[in-house]
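Atoms within each ligand, like the ligands themselves, are counted from 1 in listed order.
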Amino acid sequence: MDGLSNLSIILFYIFLISILIFSVLMRDILKNIKKMKDDIERVRKSIPVLKQAFWLAKQENERNYERYRKLMKRYEALVDSILQFRPTIGVEKFMGGILKLGVKLIAEADAGSVILREGDSARFVSVEGMNEEIIKDLKLELDWFKKPKHDVEVYENILGHDEKSTMPIEVEELMKKAAGRWIYRTMGGRLQVADDTVGYIFLDTMEDREFSEESKKIMKFLVRLSNAYLTLKTLLEKESILQRDIVLSMVKMLEMRDPYTKGHSERVARYSARIANLLGLSGDEIDRIYWAGILHDVGKLGVPDAVLNKPGKLEPEEFEMIKMHSIYGEKAVMKSKYLKDLAPAIRHHHERWDGNGYPDGLKGEEIPLFSRILAISDAFDAMTSARIYRDPMDPSDAFGEIQVQAGKQFDPYIVGKLSLSTFLMEADVFI
Ligand SMILES: [Fe+2]
Ligand SMILES: [Fe+2]
């Protein structure tokens, strides 16, 4: 009996412990289930928020893509236009191109203008979206304009007169008339060569719009491109002025040694440019033949004084020495990067159409066109200039002689295009 009751007690305790363990386990399980339920509920509640966040992100992406696409299009247009720019094109054309591009690419801009210094004053070299006729001849001063502190600056109501304005009121009125509408904002860029301010570029908005950061960046880029171009142009001009000064002093040296040819090079240059104009050559070619004329006898610097200035008849060997001047001239200009393309014109300026000239005895169209032109100008000036041993020939007689020599000494086609007035014109509009 005792054994049975002991077993019952043991079983009872086992049961009790089991119940205890079970209830502890159940409590944990229930707790976990509750947690899971809460988690599910939280996730369920956050689904619409996530859905909305996803939708917003998608929208933002689409907007970014659209912005990026527009930006790409703008930069493509920018690159396309830049590729068409050459430093050799004129300042007005270049700056006009930059301004057009600015108005096209900067969406806020309705109008624009470029002002450049010219000597002591300044003027509008290009205008977009304004009445050009009213302002194109205005004499301006750069100081009248608000100088941008940085590369680019935005002004409110640029034509609003205040105590700081130095622009004469009548100029301001004309500019307002040219704009035709109220100018709300202006984005200004300073054009400069080194530290020197040479002008301004302005883009105007005629409605109450702000210029975006992207537009400011594009403007900065256009200003920098313009400044690079203007600097290059100034350097090229300085170099070519220096080059021309050197050439002219060489020619002056020659004229000092050979006083009877005083002014000869200049006249040959002018006649040759007129002939080139009559033949329809380009402005660039007219400019080049002018300089070939200036230089055609520069090789005489290499001929001894005694021979060059001999008053009487020349001995055959002396004449051979004189003839060398066309080769010396060719060699001299070959040394200059800017003048070497004139070398053939100089070498052959004493060739004759019939092949009896020097130094190479070239015939007809074998002779460079520039040399055929120079030969006519040279002969006309030699005939009409005084020499120690003879009086100058009358211009009409000299021109008659040129005509007689057509097909012998000179290219008959060119002579056929000329008249006496070719050599008598006072003013040269194309030089
Ligand atoms: Fe000559
Ligand atoms: Fe000459």
Please determine if the Fe ion (ligand 2) has an N/O/S atom from H349 lying under 2.8 Å away. no
Of all the N, O or S atoms in H325, which one sits nearest to the Fe ion (ligand 1)? NE2
Of all N, O or S atoms in D378, the one closest to the Fe ion (ligand 2) is OD1
Is it true that, when you exclude M383 itself, more than 12 heavy atoms of the residues, nucleotides or ligands shown sit nearer than 6.0 Å to its CE? yes
Please calculate the NE2(H264)-the Fe ion (ligand 2)-NE2(H296) angle and round it to 10 degrees. 90°
Taking the Fe ion (ligand 1) as the reference point, name the nearest N/O/S atom of D297. OD1
Give me the atom names and distance for the closest heavy-atom approach of G293 to L374. CA-CD2, 3.6 Å
N, O or S of D381 under 2.8 Å from the Fe ion (ligand 2): no
Nearest non-hydrogen partners of E108 and S212, listed with the distance: OE2-N, 3.1 Å
Is atom CG of D305 surrounded by more than 12 heavy atoms (other residues, nucleotides or ligands) closer than 6.0 Å? yes
Side-chain H-bond candidate by donor/acceptor type, H296 with H264, under 3.5 Å: yes
